[in-house]
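Data block below; observations after.
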Amino acid sequence: MSQPPAVLDLFDTHAHLHFPDFAVDLGEVLARARAAGVRRMLTVGTDPATSRAAIEVAAREPDVWASVGIHPHDAAAADAAALGEIERLAEAPRVVAVGEIGLDFFRDLSPRPLQAQAFRAQLEIARRLRRPVLVHCRDAHEPTLRILAEHRVGEIGGIMHCFSGDVEIARRCLDLGLLVSLAGPVTYPKARALPDVARFVPGDRLVVETDCPYLPPQPFRGQRNEPAHIALTVARVAELRGEPADVLAARMSENGRALLGMA
Ligand SMILES: [Zn+2]
Ligand SMILES: [Zn+2]
């Protein structure tokens, strides 16, 4: 008897499906994702308004879940009212995480002290509500890891999303209890340390994401990214690790489901 073709079980753990980039054709985008084997997608808020929009998409689509949070870019607007709304939204149905939260010292769109303040406040929201966190970190690994350690992130769990560090940073994320998420840049010719990171992270601590509409994998660079393209990132990570793509995909999907408490 011949083997049936491998059916991929893909989980896009970080997407922004509720962004205006998908307003016209979200139905087609989701259809292409499902055809490619994407069984679960997590759509991630970046401020109170986009967090509400994320919840609305998750309420309509059975394979989409939501996360709510205030991105470091928007930290200057993270006053008590905004943080209170995030805490309230985090209890809505199908909200499985708080994020994305963190520090971005690359673009510095909000003052750094306010980024740190919003990050800490949301780590405490996540702790109160027992939700894992989705961490955004750009050019800010030392302060991000310090804050995560001070707030004992290992007790609530989380994902270092769109991982951009090296093996040493990955090891420190694992020591803190985080999962490491690889995105499209692992497929780029100039992937820097990411191929080593893809080989280093244990199979039970790794997940993948598109971060769509941003960061498309290599063949689609310059275009809008979408969840169906996660298959290319999985194929590259599997190649780097020397594992069958279907086995790795299922394992990473299981890692994400376990952390986020999904059936
Ligand atoms: Zn991010
Ligand atoms: Zn994002």
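Order of appearance sets the numbers: ligands from 1, and atoms from 1 within every ligand.
Computed with the Zn ion (ligand 1) at the centre, the His161 NE2 to Glu100 OE1 angle is 100°, stated to 10 degrees.
Between the side chains of Ser181 and Glu209, at least one donor N or O lies within less than 3.5 Å of an accepting N or O. In this model, no donor atom of one side chain and acceptor atom of the other lie less than 3.5 Å apart for His71 and Asp47.
For the Zn ion (ligand 1), the N/O/S atoms of His136 include one lying under 2.8 Å. In summary, no N, O or S atom of Cys162 is located under 2.8 Å from the Zn ion (ligand 2).
Scanning both residues, Ser67 and Gly99, for their nearest heavy atoms gives OG-O, 3.0 Å.
Among the candidates Leu182, Thr187, Val208, the single residue satisfying the side chain to side chain contact (heavy atoms under 4.5 Å, CB included) test with Arg236 is Thr187.
Of all the N, O or S atoms in Asp211, the one closest to the Zn ion (ligand 2) is OD1. Atom NE2 is the N, O or S atom of His16 at the shortest distance from the Zn ion (ligand 2).
Under the 4.0 Å criterion applied to side-chain N and carboxylate O atoms, Arg251 and Glu254 are not assigned as salt-bridge partners.
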